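Inspection log for the structure reproduced underneath, given as C-alpha cells.
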Protein chains: 2
Amino acid sequence: MSQKRPPAKPSPQPPARVTIADIEAARLTLAAHVLRTPLLAAPPLSALTGAEVYVKYENLQVTNSFKERGACVKLAALEAGERRRGVIAMSAGNHAQAVAYHARRLDIPATIIMPVTTPFVKVKATEALGATVVLHGDTLRQARARAEAIAAERDLAWVHPYDDPHIIAGQGTIALEMLEDAPDLDALIIPIGGGGLIAGNAIAAHEKKPSIEIIGVECALYPSMWNAIHGADKPCGGATLAEGIAVAEAGALTLPVVRDLVSDIILVDESQIERAVNAFLTLQKTMAEGAGAAGLAALLAEPSRFAGRKTGLILCGGNIDPRILASIMVRELEREDRIASFRLTIPDRPGILGQIASRLGELGANILGVDHHRLFLDVPAKGAKLDVTVETRDAAHAEQIFRALKDEGYQPVRMAGGAALE
Amino acid sequence: MSQKRPPAKPSPQPPARVTIADIEAARLTLAAHVLRTPLLAAPPLSALTGAEVYVKYENLQVTNSFKERGACVKLAALEAGERRRGVIAMSAGNHAQAVAYHARRLDIPATIIMPVTTPFVKVKATEALGATVVLHGDTLRQARARAEAIAAERDLAWVHPYDDPHIIAGQGTIALEMLEDAPDLDALIIPIGGGGLIAGNAIAAHEKKPSIEIIGVECALYPSMWNAIHGADKPCGGATLAEGIAVAEAGALTLPVVRDLVSDIILVDESQIERAVNAFLTLQKTMAEGAGAAGLAALLAEPSRFAGRKTGLILCGGNIDPRILASIMVRELEREDRIASFRLTIPDRPGILGQIASRLGELGANILGVDHHRLFLDVPAKGAKLDVTVETRDAAHAEQIFRALKDEGYQPVRMAGGAALE
C-alpha cells in the first residue's frame with residue numbers, strides 16, 4: 001500500500017504528539033457530556049476464549065459508539081467564530097452521528113457529507129440529530145472532495161474522524177476509565193480504522209501502566225495500518241462486516257503512535273468477526289457491530305496469546321443493520337446444527353407429507369419450512385423431492401433425525417445454504 | 001382466578017414482612033457476589049415513549065438476569081448443615097441458572113428439577129454451572145411435586161423463586177442502587193411473575209423515596225396478580241414471549257406488598273412485548289427477553305401516563321432464544337416495509353426474470369429471494385407467478401417499487417407472511 005494520505009486540513013493547534021495531559025484535559029471536558037461507560041468482567045467470554053475478559057461498553061453511548069468522545073472534545077475546543085460558522089464532517093457512519101449529536105448540544109451548526117450510496121436510515125438518523133446532510137459522490141473519496149470544497153467555501157471547521165489531536169485525546173479517555181476500574185489489566189486489544197482510537201488509548205494506557213500490552217486489530221480486508229507498520233502492500237478492499245474500520249490509509253498522526261506503543265496488529269477474517277458479533281449477542285446479551293466486535297475476533301483468532309491474561313476489549317460500536325444481525329444469528333444456528341435441512345426422496349402420493357411431519361414431531365423436531373420439488377431432473381417419474389427444514393436441540397439430535405429419516409427409506413441428504421452437504 | 005397457592009415449604013425464618021433493614025442487609029451480602037449493574041439514561045427510548053427513561057441493566061449479570069440477587073441472599077443465609085446437604089429448586093428458566101451459579105460459588109450441592117419439555121440448551125447451561133438436573137413431568141406443576149418429594153426425602157433446602165423473604169430482600173437491592181444513582185426518579189415500572197421482584201423493590205423504593213410511584217406489569221395472558229388485586233378471574237394461559245413472568249398464581253408473601261405499595265398493574269399484550277424487545281435491541285443495542293422488556297412494553301401501552309416523568313425500567317433478563325429474536329427482528333423490518341414481498345404475473349418465457357431483476361436493481365431494491373410458481377390454478381396457460389422479496393429503504397421506497405412493477409405490467413400484489421395484502 002502506498003503511504004499517500006488524505007490532504008490534511010490546517011488545524012487550529014499544530015499537530016503535535018498528543019500527551020497524557022491532553023487526555024486528562026479531554027476527560028474534564030467530557031465529564032458532563034459523554035457517558036462514563038461501564039467496564040464489566042465477562043465470564044462467558046472468558047470461558048469461550050481462555051483469557052480473563054473485561055468489556056468496555058462504548059455501545060451504550062447515546063449514538064452507540066465511542067466516536068462521541070473525540071467529536072465532543074473537538075467541538076468544545078472551537079473558538080467562538082468557528083462555532084458560529086459551524087462544522088463539517090464526512091462520514092457514512094458513527095462519526096456522522098457523533099458530530100451531529102454533540103454539535104446540536106453545543107448549538108453549533110453541523111453539515112455532514114455522505115456518499116449517495118449511504119443507507120437511508122443512516123441519513124435519517126443523522127438528520128434527526130439536527131445536522132444538514134449533503135449526499136454527494138459514489139465513494140467516500142468523492143464525498144470528501146465535496147466536503148473540502150464546502151468547508152473552504154463557507155469557512156467551516158473540519159472535524160476529521162481520526163487524524164486530529166483533539167479527536168485522539170478524546171478517544172484516549174476510554175483507557176483512563178478502564179484502568180481506573182481495573183488497574184490490573186495486562187493487555188488491551190483495540191480496533192484500528194484510521195487509528196484514532198488506538199493512538200489515544202495507547203498513549204493513555206502506557207502512561208498510566210507502562211507494563212500494559214497494547215495490541216491492535218484490523219479486518220484482513222483492510223490491513224492499512226499493518227501495511228504501514230510492516231512496509232507491506234497487502235490489498236485493501238472488499239465488503240466487510242466491519243465497515244467501521246474499513247479504512248484504506250493509516251492516519252498521519254496516528255501511525256507514529258502505533259509504531260511506538262503498539263506491540264502487534266492482529267488481522268481478523270470475516271468469519272471471526274461474525275463469530276464475535278454472535279458471541280457478544282448470545283453470551284453477553286449486547287449488540288456489537290462488526291468493528292465493535294473486532295477485539296473479541298482477535299481473541300478468537302489467537303487465543304493462546306491471551307490465555308489467562310486480564311484482557312480489556314473496547315466494544316466500540318453497536319450500530320449494525322438488524323437484517324444482517326438476524327442473518328448472522330440464523331447462520332450460527334445452522335452451523336451448530338440447531339437448524340437443519342434435509343432433502344428427501346418421496347413417493348408422490350397423498351398422505352406422505354403427513355407421515356413425515358408426524359415422524360418429525362415424534363422425534364422432537366420443530367418444522368420450520370417445507371418445500372416440494374417436482375421438476376428436478378433426478379426425480380423418478382412417480383416420485384418427488386421434499387426439502388424440510390427443522391429446528392433441533394443440537395448436532396446429536398440433528399444426526400438422530402437424519403438416521404430416522406434414512407431408516408424410513410426417504411434417502412435424506414443434508415442441505416446447507418441450498419447445497420447438499422453429503 | 002382462585003386464590004389457591006402452592007404449598008409453602010417451612011422456611012428457616014418466619015415469613016414476616018420484609019423490611020428495609022432486610023434489604024440493606026441483603027445488599028451487604030451481595031456486595032462481593034453480584035454485579036452492581038449500571039443504571040443509564042436511555043435517550044432513544046425517551047424519544048420513542050415521551051417519558052424520561054432510565055434502564056437498569058440486570059441482563060448484564062453473569063447468568064443474565066436479576067434472579068442471582070435473591071438466590072445468592074437465600075443461599076448465604078443457610079446454616080452449615082443445610083449447606084452440606086444441599087439445595088433444590090424447580091425452574092426451567094433464569095432461577096435455575098441463578099441458583100446453580102451461586103450454589104457452585106458457595107460450594108453447596110444444587111439439584112434443579114425441570115419439566116421434560118425444557119429446551120436442551122437450558123438443561124445444558126444449568127448442568128454446565130455444576131447443578132444436578134432432574135427432568136420430570138410435562139408441566140411445572142408436575143415438576144414441582146417431584147421436587148417437593150425429593151426435598152423431603154433428602155432433607156434439601158428449598159429455594160423458592162419468589163415466595164421467600166430472603167429472595168424478596170435480595171431482589172429489593174435493585175431499587176436501592178437505582179435511587180442511589182438517580183434519586184429523582186418519579187416512577188418505577190416493574191414486571192410481575194410471582195411478585196418477588198416488585199415486592200422487594202416496592203418496599204425499598206417507598207422507604208427511600210415515599211413519593212415514588214410503583215407500577216407493576218404483567219403479560220395479558222397471565223394476569224394472576226391483577227386478578228388477585230382486583231378480585232377478578234381473567235384466564236391465565238397460552239404461549240407468551242414473556243415466559244419468565246408467565247406465572248398463574250400470585251405469591252402469598254408478595255400479594256400483600258403489591259396490594260399496599262403498588263399503585264396499578266398494567267397488562268401488556270404480545271405485540272407490545274415484541275415491540276419492546278425489538279426497541280431494546282435496535283435502539284439500546286441490548287438484548288431483553290420478553291419478561292425483561294415488559295416494563296418498556298407498559299410504557300408503549302400507556303405512554304400518556306408517563307409523559308415527561310423520570311421513569312425507571314428494570315431490564316430484568318436477557319435470555320431469549322436467538323431464533324425467536326431473529327424472527328422478531330425480521331417481522332419488525334416487514335412491518336416497517338423495509339422487507340417487502342410482491343407476487344408478479346409474468347409471461348413464462350426466457351429472459352423475464354433477468355428483466356425484473358435488472359429493473360429492481362435500478363430501483364435500488366436488494367433482492368432477498370425469488371420463488372417461481374407454475375402450478376397455481378389462476379396462472380394463465382402460458383404464464384407464471386413469481387414471488388420476489390426485496391429489501392427497501394423504507395415504506396415510501398416499497399411503494400415506489402410497487403408502482404414501477406405495476407407500470408411494467410407485472411400486476412404486482414403485495415404479500416405479507418405468505419398472504420396477499422391487497
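Keep in mind that this is a model prediction, so the values were computed, not measured. Just so it is clear: chains get the letters A, B, ... in the order the sequence lines come, proteins before strands, and each one is counted from 1.
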### Message
With a 4.5 angstrom heavy-atom cut-off, is it the side chain or the backbone of A:E289 that approaches chain B, or both, or neither?
### Response
neither

### Task
Pull out the residues in residues 41-49 of chain A that come under 4.5 Å of chain B, heavy atom to heavy atom, sorted by number.
A:P43, A:P44

### Message
Taking B:E274 first and then B:R335, would you say they form a salt bridge - that is, a charged N and a carboxylate O separated by under 4.0 Å?
### Response
yes

### Query
Are B:D321 and A:R338 close enough that some pair of their side-chain heavy atoms sits under 4.5 Å apart?
yes

### Query
Side chain, backbone, both or neither: which part of B:F280 has a heavy atom under 4.5 Å from chain A?
neither

### Task
Could you have a look at B:N319, B:V330, B:T282, B:T37 and say which one has the most heavy-atom pairs with chain A under 4.5 angstrom?
B:N319

### Query
Heavy-atom distance under 4.5 Å between the side chains of B:R69 and B:Q61, does that happen here?
yes

### Task
Flag the pair B:I320 / B:I328 as yes when at least one side-chain heavy-atom distance between them is below 4.5 Å, and no otherwise.
yes

### Task
Determine, for B:R331 against B:E334, whether the closest basic-nitrogen to carboxylate-oxygen distance falls under 4.0 angstrom.
no

### Heavy-atom pair count under 4.5 Å with chain B, highest-scoring of A:E391, A:R323, A:R393, A:H397
A:R323

### Option that, when pairs with chain B are counted at under 4.5 Å, heavy atom only, ranks first among A:G364, A:S327, A:P322
A:P322

### Summary
d(B:E68 CD, B:T63 OG1) to nearest 0.5 Å is 3.5 Å

### Query
Side chains of A:Q400 and A:T392: closer than 4.5 Å at any heavy-atom pair?
no

### Task
Quickly, which of B:N59, B:L60, B:N94 forms a side-chain contact (heavy atoms from CB on, under 4.5 Å) with B:S65? Name it, please.
B:N94

## Note on the structure
Given B:M287, B:Q284, B:K124, the one with more heavy-atom pairs under 4.5 angstrom with chain A than any other is B:M287

### Message
Between B:V34 and B:H102, is there a side-chain heavy-atom distance shorter than 4.5 Å?
### Response
yes

